[in-house]
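Everything below concerns the one structure shown next.
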Amino acid sequence: MIPTPFYLIDEARLLENMRKIAALREASGAKALLALKCFATWSAFDIMRPYMDGTTSSSLYELRLGREKFGKETHAYSVAWSDREIDEACGYADKIIFNTTGQLKRFEAQSAGIKRGVRLNPRFSTSGFDLADPARPFSRLGEWDIAKLLDVASLISGVMIHYNCENRDFALFDAQLGRIERDFAPLLERLDWVSLGGGIHFTGENYPIEELAARLKAFSDRFGVQVYLEPGEASITQSTTLEVSVLDLLENDKQIAIVDSSIEAHMLDLLIYRESAKLPQDGDFPYQIAGKSCLAGDIFGEARFAAPLQVGDRISVRDAAGYTMVKKNWFNGVAMPSIAIRRADGTVELIREFTYEDYLSSLS
Ligand SMILES: *Cc1c(COP(=O)(O)O)cnc(C)c1O
């Protein structure tokens with residue numbers, strides 16, 4: 001048995017998402033690029049590659065990882081490129097997407113050999129979290145002034161518009177895309193490609209994939225553009241668990257189980273967005289599942305079990321792929337979870353273990 005803690009990627013579950021992505025590509029003509037900022041566990045790329053068109057990135061390192069480990073089409077976006085990065089970035093990228101027209105003009109010469117785009121900020125979004133809302137007041141994420149964008153239209157062949165956040169509501173997506181069509185038509189008509197970004201939760205249960213495909217196709221036909229999607233969370237949702245073990249049990253007006261992991265180190269988004277981990281909820285024995293770091297609020301959440309927990313019991317934390325493994329860190333020196341893959345035939349393969357040497361080499 002693999003020692004805990006470890007992230008366990010379930011190939012069969014991942015393939016369910018991949019088949020939905022393939023179906024959407026097929027029916028809509030849209031291309032799908034994995035957003036590496038959400039999931040960059042490259043040992044899983046062999047599973048994903050046949051079903052996706054490539055990757056998109058938010059930095060030079062993600063871009064390079066996409067080029068070297070995923071291959072296929074490689075889009076490069078960054079909120080701001082530096083003078084030191086730009087030549088290397090253009091060397092890896094098929095397309096480079098600038099956040100502002102200022103960056104586009106600054107790096108016009110360096111990027112002349114590849115396709116270029118600019119990020120368009122439609123100034124509305126579906127995000128309920130201010131922290132993650134690209135349309136928040138004073139947002140730095142993209143250009144919103146169509147006159148400014150039309151000014152540089154001859155330098156670009158496309159735009160990227162990332163404005164959805166785990167949006168499960170097709171009607172809302174449809175209406176907002178309609179708004180983009182109305183507000184930005186004079187620009188869209190001049191482009192070859194439009195990326196609609198990520199955040200569309202089309203691999204979720206009961207999402208009307210056929211309607212989404214028809215809508216994307218209609219958009220693509222109307223403006224004569226290749227549509228791209230950049231699914232992050234939708235690519236890997238529900239595919240991975242974090243496997244932990246109970247180290248100690250105590251009582252303080254609640255039964256508490258301390259496990260060999262930490263949300264601050266291994267599931268940081270729970271802390272940032274003040275959410276609970278997805279834990280077992282069946283049975284008569286409730287416990288608060290807590291991390292082993294010394295942060296008081298290092299709490300995975302409330303769980304229920306069929307029998308009282310014992311030291312050594314294992315617990316599976318669901319949905320631990322997106323924005324999780326990419327954010328893991330060495331806070332408190334807590335042992336880093338290994339990475340394992342449960343193959344479609346049921347065998348579990350240990351891919352990577354982390355040791356004290358990895359901790360040591362993360363600082364100096
Ligand atoms: C974060 C991000 C994505 C992926 O978003 P998900 O919600 O994980 O699908 C795609 N494109 C851009 C530009 C992003 O910033």
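Treat the numbers as computed from the prediction; the structure is a model and nothing was measured. In listed order, ligands and their atoms are each counted from 1.
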Legend entry - Note: K95-E73 ion pair, threshold 4.0 Å (strictly below): yes
Could you tell me, for ligand 1, which of its N or O atoms are under 3.5 Å from any protein N or O, listing the pairs and their distances rounded to 0.1 Å?
unit_1   : atom_1 : unit_2 : atom_2 : d
ligand 1 : 5 (O)  : Y323   : OH     : 3.4
ligand 1 : 7 (O)  : G199   : N      : 3.3
ligand 1 : 8 (O)  : E233   : N      : 2.8
ligand 1 : 8 (O)  : Y323   : OH     : 2.6
ligand 1 : 9 (O)  : G199   : N      : 2.7
ligand 1 : 9 (O)  : G232   : N      : 2.9
ligand 1 : 11 (N) : E230   : OE1    : 2.5
ligand 1 : 15 (O) : K37    : NZ     : 2.7

Inset, instruction - Answer with yes or no whether the side chains of T241 and E243 bring together a donor and an acceptor at under 3.5 Å. - result: yes
Inset, instruction - Classify the side-chain pair S235/N17 by whether it contains a donor and acceptor separated by less than 3.5 Å. - result: no
Inset, instruction - Measure up the H266 and Y7 rings against each other and bin them: parallel (under 30°), tilted (30 to 60°), perpendicular (over 60°). - result: perpendicular
Inset, instruction - Would you please test V334 and K292 for side-chain contact (heavy atoms from CB on, under 4.5 Å) and show each step? - result: CA-CA 8 Å; V334 181; K292 66 167 289 176; 4.1 Å; yes
Inset, instruction - Go through the side-chain N and O atoms of Y51 and K20 and say whether any donor and acceptor fall under 3.5 Å apart. - result: no
